Amino acid sequence: MYNAVILAGGKTPWLQKAVGTNIRALAPLGGRRIVEYIIDALDQSGQIGRIIVAADGSQWEAAVLPQRAELVAVESSSMPETAAAAAALLPANSKILFVCDDIPLLTSAAVQDFLKQTEAVEADAYYPVIPEADCVKAFPGAERTYVTLPEGRFTGGNMMLLNADVISGGVIKAKDIFARRKKPWELCGWLGFGFVLKFLLHRLTLSDIELRASELLGFSGKAVVSHYPEIGMDVDKEEDWQLLEKYFKNSK
């Protein structure tokens with residue numbers, strides 16, 4: 001069993017006009033709030049013990065979470081710092097599944113598959129990457145950020161499994177990476193000139209990224225190829241929201 005933390009501090013200004021709240025996790029979609037879909041997926045996976053929702057408690061007073069989840073109030077608006085604050089409440093020798101607050105299409109099968117794959121290799125951090133073909137097939141018209149590698153074109157997922165004992169030491173570097181996560185060129189520059197060159201020549205492999213990231217962060221990381229595009233279907237732009245509204249409308 002794993003413990004899970006939903007990083008629910010995200011705010012999206014344009015959502016205020018669209019649905020009456022700028023807090024992504026509390027935005028109503030298809031008759032429910034986004035956070036409820038995520039909690040259900042985690043709970044129904046059968047792999048999760050505690051489900052913690054880490055957020056600014058003052059903005060959640062009027063929100064009632066499903067009984068299965070618990071709210072932990074954190075003051076920071078930084079995702080890495082929020083993660084560290086929540087992790088401090090969990091056993092230091094455990095692995096924690098961190099989930100972003102804007103993936104309402106997350107399924108229990110996607111959670112199960114990701115966790116099962118992480119059990120096949122030993123590492124301190126695991127991050128899902130999703131092939132472009134899977135994303136296009138499931139969500140035609142959705143705009144995602146892809147990186148071209150010899151293994152194919154991938155976009156990043158919106159969850160990560162981490163050993164709790166490496167979190168506190170990696171917060172500063174994690175903030176740096178998080179700020180560049182949707183800017184492949186900046187991320188490659190942070191990783192080094194050799195990475196930029198390999199990226200230009202389409203010779204940068206998943207193994208290259210894992211090795212260099214591990215060197216810079218000071219702990220081992222592993223990319224996990226997931227064929228569940230729901231992990232990557234987040235709400236960054238108004239176009240994403242419109243696509244999700246259409247999806248939920250058609251699924252009824």
Side-chain angles (χ1 to χ4, degrees), residues 6-41 53-56 59-60 63 76-83 98-107 110 114 127-149 152-160 174-190 199 226-252:
I6 300 173
L7 302 169
K11 296 181 181 179
T12 304
W14 54 261
L15 270 176
Q16 182 71 49
K17 182 178 180 180
V19 295
T21 180
N22 65 349
I23 302 173
R24 288 196 302 263
L26 297 180
L29 185 64
R32 305 178 71 196
R33 294 166 297 182
I34 286 180
V35 69
E36 295 178 66
Y37 294 109
I38 300 172
I39 292 170
D40 279 356
V53 178
D56 183 343
Q59 296 180 313
W60 285 64
S76 174
S77 59
S78 159
M79 185 175 289
E81 289 178 351
T82 298
F98 291 95
V99 185
C100 293
D101 61 2
D102 59 349
I103 48 172
L105 299 182
L106 182 65
T107 64
F114 176 64
Y127 181 67
V129 294
I130 309 150
E132 179 184 27
D134 293 319
C135 295
V136 172
K137 181 179 179 180
F139 306 109
E143 294 184 8
R144 302 289 96 187
T145 300
Y146 295 99
V147 173
T148 301
L149 306 175
R153 280 171 56 81
F154 298 93
T155 189
N158 289 273
M159 60 171 58
M160 181 179 286
K175 288 172 68 176
D176 205 17
I177 295 173
F178 181 75
R180 294 171 166 83
R181 75 193 191 286
K182 293 185 181 296
K183 301 174 182 178
W185 287 102
E186 285 193 20
L187 187 57
C188 284
W190 182 80
F199 183 73
S226 171
H227 296 284
Y228 289 85
E230 299 89 348
I231 295 176
M233 191 58 198
D234 55 12
V235 184
D236 279 339
K237 307 178 295 296
E238 291 186 62
E239 292 81 2
D240 298 332
W241 183 260
Q242 293 166 2
L243 186 64
L244 286 172
E245 283 187 319
K246 183 183 296 185
Y247 176 89
F248 277 95
K249 182 179 181 180
N250 293 338
S251 63
K252 290 183 177 180

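Computed over heavy atoms, backbone and side chain alike; hydrogens, waters and symmetry mates excluded. Everything numeric in this text was worked out from a predicted model, so none of it was measured.
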Inset, instruction - Can you measure from CG (L15) to NZ (K17) and round to the nearest 0.5 angstrom? - result: 12.5 Å
Inset, instruction - Find out whether L106 and I231 are in side-chain contact, i.e. whether some heavy atom of one side chain is under 4.5 Å from a heavy atom of the other. - result: yes
Inset, instruction - Using a 4.5 Å cut-off on heavy atoms from C-beta on, say whether the side chain of K237 contacts that of E143. - result: yes
Inset, instruction - Would you confirm whether D102, through its side chain, and R24, through its main-chain N or O, come within 3.5 Å as a donor-acceptor pair? - result: no
Inset, instruction - Without swapping roles, check the side chain of T155 against the backbone of T145 for a donor-acceptor pair under 3.5 Å. - result: yes
Legend entry - Distance in Å, D101 CG paired with T12 OG1, rounded so as to fall on 0.5 Å steps: 7.5 Å
Inset, instruction - Calculate, to the nearest 0.5 Å, the distance between atoms CE and CG belonging to M159 and L7 respectively. - result: 11.0 Å
Inset, instruction - Indicate yes or no: at least one non-hydrogen side-chain atom of I130 is less than 4.5 angstrom from one of R144. - result: no
Inset, instruction - Could you tell me which non-hydrogen atom of I23 sits nearest to which non-hydrogen atom of A8, and how far apart they are? - result: CG2-O, 4.4 Å
Inset, instruction - Indicate the atoms forming the closest heavy-atom contact of M233 with F139, along with that distance. - result: CB-CE1, 4.0 Å
Inset, instruction - Mind listing the closest non-hydrogen atom pair of Y228 and T107 along with its distance? - result: CD2-OG1, 4.3 Å
Legend entry - Donor-acceptor contact below 3.5 Å, side chain Y37 vs main chain L29: yes
Inset, instruction - Count the heavy atoms belonging to other residues, nucleotides or ligands that lie under 6.0 Å from NZ of K246, then report whether that count exceeds 12. - result: no
Inset, instruction - Would you name the heavy atoms of F114 and Y127 that are closest together and state the gap between them? - result: CE1-C, 4.2 Å
Inset, instruction - Quick one: closest heavy-atom pair of P229 and C135, and the distance? - result: CB-CA, 3.8 Å
Legend entry - I39 side, atom CD1; I6 side, atom CD1 - distance, nearest 0.5 Å: 4.5 Å
Inset, instruction - Report the distance from atom CG of L243 to atom CZ of F248, rounding to the nearest 0.5 Å. - result: 11.0 Å
Inset, instruction - Could you grab the distance from atom CG of L149 to atom CZ of F154, nearest 0.5 Å is fine? - result: 6.0 Å
Inset, instruction - Could you pull out the closest heavy-atom pair between V129 and P131, with the gap in Å? - result: O-CD, 4.0 Å
Inset, instruction - Could you check if a side-chain atom of R33 sits within less than 4.5 angstrom of a side-chain atom of T21, using non-hydrogen atoms only? - result: no
